[in-house]
Amino acid sequence: MEQGIICAGFGGQGVLSLGKMIVYVAMEKGLHVTWLPSYGPEMRGGTANCSVVASTEEVASPLVSTPDCLIAMNRPSLDKFINDVVSGGMVLINSSLIDIKVDRKDINVYYIPANDLALQHANERSSNIVMYGAYAKLNGNIGSMDEFEKILIKQFGKSADKDKIISAFHAGYEEIKV
Amino acid sequence: MEQGIICAGFGGQGVLSLGKMIVYVAMEKGLHVTWLPSYGPEMRGGTANCSVVASTEEVASPLVSTPDCLIAMNRPSLDKFINDVVSGGMVLINSSLIDIKVDRKDINVYYIPANDLALQHANERSSNIVMYGAYAKLNGNIGSMDEFEKILIKQFGKSADKDKIISAFHAGYEEIKV
Amino acid sequence: MATYHKSNMLTDTPLSFCPGCTHGIAHKLIAEVLQELGQQGNVIGVAPVGCSVFAYKFFNCDMQEAAHGRAPAVATGIKRVHPDKVVFSYQGDGDLASIGLAEIMHAGLRGENITVVFINNAIYGMTGGQMAPTSLIGQKTTTSPFGRTVERQGNPIRMCEMLASQDGPAYLERVMLTDYANVLKAKRAIKKAFEYQIAGKGFSMVECLSTCPTNWHMTPVQACQHIKDNMTKIYPLGVFKDVGGAK
Amino acid sequence: MATYHKSNMLTDTPLSFCPGCTHGIAHKLIAEVLQELGQQGNVIGVAPVGCSVFAYKFFNCDMQEAAHGRAPAVATGIKRVHPDKVVFSYQGDGDLASIGLAEIMHAGLRGENITVVFINNAIYGMTGGQMAPTSLIGQKTTTSPFGRTVERQGNPIRMCEMLASQDGPAYLERVMLTDYANVLKAKRAIKKAFEYQIAGKGFSMVECLSTCPTNWHMTPVQACQHIKDNMTKIYPLGVFKDVGGAK
Amino acid sequence: MQVKIDFERCKGCGLCVNACPKKVLCIGDKSNKGGYFVARVDKPEQCIGCCACAYMCPDSCVEVE
Amino acid sequence: MQVKIDFERCKGCGLCVNACPKKVLCIGDKSNKGGYFVARVDKPEQCIGCCACAYMCPDSCVEVE
Amino acid sequence: MAKKLFKGNEALGEAAVLGGCRFFFGYPITPQTELSEYLSWRLYDVGGTFIQSESEVSAINMVYGAAGAGARALTSSSSPGISLKQEGISYIACAELPCVIVNMMRSGPGLGGIMPSQADYSQATKGGGHGDYRMLVYGPSTIQEAVDIMYNAFDKAEQYRIPVMILGDGMLGQLMEPVEFPPLKQMPDPSTKEWATTGTHYGKDRRIVNSLYIVASENEAVNIKLQAKYDLLRKNEVMCEEYMCEDADIIITAYGTVARICKSAVKALREKGIKTGLIRPITLFPFPTEVFHKYANSDKTKKFVTIELSTGQYNEDVLLSVMGKKPVEFYCRMGGSVMTVEEIVNKVKEVY
Amino acid sequence: MAKKLFKGNEALGEAAVLGGCRFFFGYPITPQTELSEYLSWRLYDVGGTFIQSESEVSAINMVYGAAGAGARALTSSSSPGISLKQEGISYIACAELPCVIVNMMRSGPGLGGIMPSQADYSQATKGGGHGDYRMLVYGPSTIQEAVDIMYNAFDKAEQYRIPVMILGDGMLGQLMEPVEFPPLKQMPDPSTKEWATTGTHYGKDRRIVNSLYIVASENEAVNIKLQAKYDLLRKNEVMCEEYMCEDADIIITAYGTVARICKSAVKALREKGIKTGLIRPITLFPFPTEVFHKYANSDKTKKFVTIELSTGQYNEDVLLSVMGKKPVEFYCRMGGSVMTVEEIVNKVKEVY
Ligand SMILES: Cc1ncc(C[n+]2csc(CCOP(=O)(O)OP(=O)(O)O)c2C)c(N)n1
Ligand SMILES: Cc1ncc(C[n+]2csc(CCOP(=O)(O)OP(=O)(O)O)c2C)c(N)n1
Ligand code: SF4
Ligand code: SF4
Ligand code: SF4
Ligand code: SF4
């Protein structure tokens, strides 16, 4: 099994830490992982993204050119990567900020109103957590809900907003009906 | 015809200009020439030397490793180069400062008391001119006495010591009995 | 009552700076001054390496992008070729006071007839918040994570003072881009600097205390206040050199 | 009545300087001071690139030969490894004030606890008499053949003044190596500089106005007089910074 | 007097808001393509045309006429 | 007092000669291996032991005892 | 020991500390700045020294001083900054000082971009500075490998008294992978460093760190000594991975992170029935010439395909090793663009 | 025109002026300082500008500025100083600015010595700086040739918008030979330089001199453009002397002043009945690969012998050109020592 993931969005949307949390879950599971950010003078706004690979074998190439899974937090990110997704792959879309529908029929697309759910359960900065929940639901082979939650608690255990964040995670998780 | 010459001595003895004057004579004669100084942080005393090549053909290598002619103005210079002189070559020795005799039998050695003659005819700084005169006498194939003198006049024509310098030249010239 | 329009010496390209970064103010002051002095079609600018590396996209004139710290050398090369053109360099504190210290000082000593706009924001913005030679004592940066101390990281560098210690510079002033009044003062200083160049008086530099809200971890408004409250203690405002009428 | 013997902090190797060059005086003053301070077996020196490039042959202690201008950086590397050892750099004006300007200034700003002996002879000796940043106005050199002018070659650089404009240096003095009385003064300055280092007070530098009879085309005695008559006008002697008892 | 703000250029930094002596401006609740909440002219009638906002805007988004 | 000059080390620069307040030294007429005319103690009896010559000698050739 | 997720730059910093580095001198530049940021606190933890120098030129000369004083000193930069260090590196090589230099290559020339590149290969392996010197150059392809190399780099540097360069690229610096760190190294006794100016010497024993040899014969002797050292490296220090080469018709060759992409391509090609292998030099100087000889002389190997992020700099060494015995095909990307597995697969299919 | 006796360094200065150079920025270093000393008065004579910059780093960046402003700008140095210019050269190459750089090589590494060397060959021809750039590199062997090359160097630099390097050595710089100077060149109209920031542009027409391409695809495009230019050079600019090669059993190859010594050796060897020839590249980049091909493929040629003042830097290009078709023998001296004619004769006899 090898899954290549791209998480992409605006600078402040937490896509890099979203990717990192997925990596941690996969690591706990004993999978081989890599995490590669798009780096650069992105301090000044613009888009950010990272490539994550989780695999049962050693990861040869950390570059994800044809993702099995795309998490798109804003419109430019969706446009940039949608055509690269492998046939049969999955796409998680932040429908709070992306108001179009994907017309590719060979992939599984999920629309998650991440900003809305985040505001509802925690705060505006938690939209990535909502997506993390949605990803968890769809990727039982990477880890169980508990395993995803464990990593979340590790990350935010000491935060005052801990409970809200967990609630945002569950909201994302529940949003996916499979 | 190709002649390789090394002029060598103390920093202040004018060996570089001696070599250069020989070059000018050869140039006037239509010969191909090169002049290569030993350069370096020699500002602070020490020895100086230059390699001169005069040839009827284009000069391939400007480096004189086995001189046809050595002009040695002091003892260290003589010691350094004497064994490199080609068999049948000539060596001009400033006997004012060099009190030994060369024991190689396959070369022609001339002893010229250059400092003494220079002091006698001009000044202490003209020992190189004396040697120039001696060289002129021995190298009619490079130029006649007049041709050598012409170059001298070009160089020192405006000097107050012009006549003395020419006299030193002649002293060197006459010193060689052939 | 007045009116305000974007200067025609700025292109329409959106600036690449973070929200509230006063690099943008410095850019527009230069543009306004050059416009007011009627220098359109008479200017060559030099961009540095730093957050203002894209300055060549923003100034509406001929531009050269220099290697990190070498803008004064590049500007010297340009000015010697076109002595009748206005030549300026725009540099950050890492660029000018760290890697490029020899270049700026020797341009000053040569009395090179150029204008330098020096953005002192006490940090390396472009590379993500490392210590600058101008960082304040106590300032936490990504390479002085416990706060700068004299013992560990040495003293903040004062460029106006350093240049003023030598013959060569014609005009040196330090200003801050923190509020309306001071921005107007800064503009006057920049204008004077260019006027000196046009009059052939030699090297002029305006040091602008400038914010880096992103790497200071402050809001733009807080950042301006920080300059007033803290930076000016180490970097006092004022004119450090002015040859006035003399050449 | 006194006695005089060659210092044991000098090797027996004959110095490589021209006759009458006061580089030699500077060398022996350093050696004498280190001997008097009992620092044999406690010193690391840094030689520059310039006529004193062979300093490593003459000082009777551990030595490193640095790249042109980088002696302060090399000395910094050394001092950080051996903070309890006396570390000094010896540099000419091309080395220190031209190519190595950023290095010396930043060593000063860091308050690097080293001692710098700076030989200002207003010329590039080693390479045969080119203009130095310290060359006087009017001075003819092989690269300012018509005499240095402010317009063409810019202004002489004043290093003590430049360093004194900043926080960091603990002790800065300018002396001249022209005569007995001034040589004794120079020795006191050099001694003080090393004492400050030993006391941990930070960066110290002694600028020595020094002769280059060869490239000034003067006799050694004339050259000393030239310093007194002309160089001191641009480079006044004196203490430019002294933190005294404070650290 | 009329104050205009370039909606797409504005980065919502608030320096104009802070600069205005008459509190004419505020940060609005609409974000532009860059994702920034853009400054808005809240009380145009109070504008005295001092141009403080325009001078302080680093991105040259404010025009005063 | 005795003033000694290292014959081979001396470069004949004359700084010692110039420094001596009592004109004890002069440049001699003998040259060493380096080709330099070496300084010479001309009037040893006049030496007052001030060491000015020794301090001024760049090549540390002068010993005073 | 449990593996930790680490960014390449930071992992290199940690490995340097564990390997005995106590001195860092450097100047920020993307994409390697995290290395210095990490060491800015980590070195204080272990009583070391971190200096953000005024420039890259200064940094390399501080390294010279510290290394000459007997310390384990590190500097790190990326392409333009490494260009500025060339004079200093040449000095260090000639003075035979041990140190470690990291270059996280970004795309050039000039200011260029900050994306991965391998276009400083010739500079690193053939002397970007003046004179006939070499560094011991490693081109790790995973963070674990980079850590292991860095951990031992100072030992190698001191063994041969040579500057060691770790040549990575932006991707290696920015990538995160789980990595296992070796234990903190016991330091060798510093008094065994017979080159070091420790300030304790006086008179005849005194030590000199130097690269000036004004007499040609002396300078030649130094060069002969250096060349002998480089021959020793060629004999003893070559490291190279051979991956599925035994039965391969086509051998891909690449180094660093690019070799990882090539490994994926080898797998993909073999799935398609094309017997492909990979030669991945780990040391770039000394170059694994013998490995290439072996396959160039083998009847099995039909062709080589060089893959790199520069326009043939690495390929020159491949060509010099294969020496016309087999065709060498070439594919590269430039300017920060990185090839995909598919591109490599297609290239191999095209020349198959 | 009568020939004048000129020192190599000064002749290069004069030829630069005659060839249109009006701006010099440089820093003294032996053995090339006479070049700048000469220009310090000569350029004033012709209304040009001479600046002794504060360092080599500054010099190359002044050249960048002046070249970008449309001028014919020159800088000159020797090995350590050239190392310091590497970043700047990479910038100039990427910004596609025309300029001329002289390197009078001295022996290294480090501070080394000041005697002749050829150990900056790789640095000059393969990019001592970062990134995939090249210069047009000439290796003249006589002063007359150096003059002729310098005279046209700015034309070439502007034609291709490329930095041109004249790679000499201490011997070439210090040597005096009679030389004939061409006439003062009529300058091309500066307004034809479409790259130049002359300060007269405003708005859409404005010109930008730049080497920053933050988007990888744009940076790759720049690199592709550069590579195309280098291919053009390979096609059009190769210069090479073939001396008595036609019937030669053994072909010596060398460049620069070393090739002169080799010429003497060829004559001496032929006198001894050993049919020897000489291939002497005049351009080092582009390298005269085709010339080597011709003889490598000829039945007549038995062997090549490379002679150089470095440890095989030049020989690498020879090997890459001969590509194993004939044996290539090698002889070098290092550290400022120069081989004699006899040494070369002996080497050839030994391998004959
Ligand atoms: C030779 C070189 N070294 C380092 C860098 C990396 N670098 C880019 S910008 C920068 C510092 C910028 O800081 P500053 O000059 O203060 O400008 P700011 O970004 O704060 O405006 C550095 C170190 C580089 N591009 N080139
Ligand atoms: C990088 C580099 N540039 C230039 C040189 C050549 N060089 C050697 S010494 C010197 C100048 C020396 O002048 P200064 O520092 O004033 O010392 P002095 O010789 O006058 O004592 C120069 C330019 C060099 N060795 N290395
Ligand atoms: S990082 Fe700082 S200096 Fe750079 S643009 Fe952002 S706020 Fe301005
Ligand atoms: S050249 Fe000048 S500075 Fe150098 S040793 Fe001679 S006199 Fe002294
Ligand atoms: S100052 Fe400019 S960018 Fe900032 S909020 Fe106001 S209009 Fe927008
Ligand atoms: S000062 Fe020294 S070197 Fe000079 S003449 Fe006197 S003894 Fe000789």
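Letters go in sequence order (proteins before strands), and every chain restarts at 1. What you see is a predicted model, and the numbers here were worked out from it, not measured in a lab.
- What you find for C13(F) and G20(D) is that their closest heavy atoms are CB-N, 3.1 Å.
- When the heavy atoms of residues 172-184 of chain D are compared with those of chain F, the residues falling under 4.5 Å are L177(D), T178(D), D179(D), Y180(D), V183(D), L184(D), listed by number.
- Within the 4.5 angstrom heavy-atom criterion, no atom of V17(F) approaches chain D.
- Here the straight-line distance linking atom CE of M56(F) with atom OG1 of T22(D) works out to 7.5 Å at 0.5 Å rounding.
- Of all non-hydrogen atoms in K6(D) and E63(F), the two that sit nearest each other are N-OE2, 3.2 Å.
- Shortest non-hydrogen contact noted between P58(F) and L15(D) is O-CD1, 3.1 Å.
- Within a 6.0 Å radius of NZ in K192(D), more than 12 heavy atoms belonging to other residues, nucleotides or ligands are found.
- The number of heavy atoms from other shown groups lying within 6.0 Å of CG (D29(F)) does not exceed 12.
- In this structure, K11(F) contributes its side chain and C21(D) its backbone to no donor-acceptor pair below 3.5 Å.
- In this structure, no portion of T211(D) lies under 4.5 Å from any heavy atom of chain F.
- Neither the backbone nor the side chain of A19(F) comes within contact range of chain D; no heavy atoms are under 4.5 Å apart.
- Closest heavy-atom contact between S60(F) and K28(D): OG-CD, 3.4 Å.
- The local environment of NZ in K140(D) is sparse, with at most 12 non-hydrogen atoms from other residues, nucleotides or ligands closer than 6.0 Å.
- When all heavy atoms of Y55(F) and E32(D) are compared, the pair lying nearest together is CE2-OE1, 3.5 Å.
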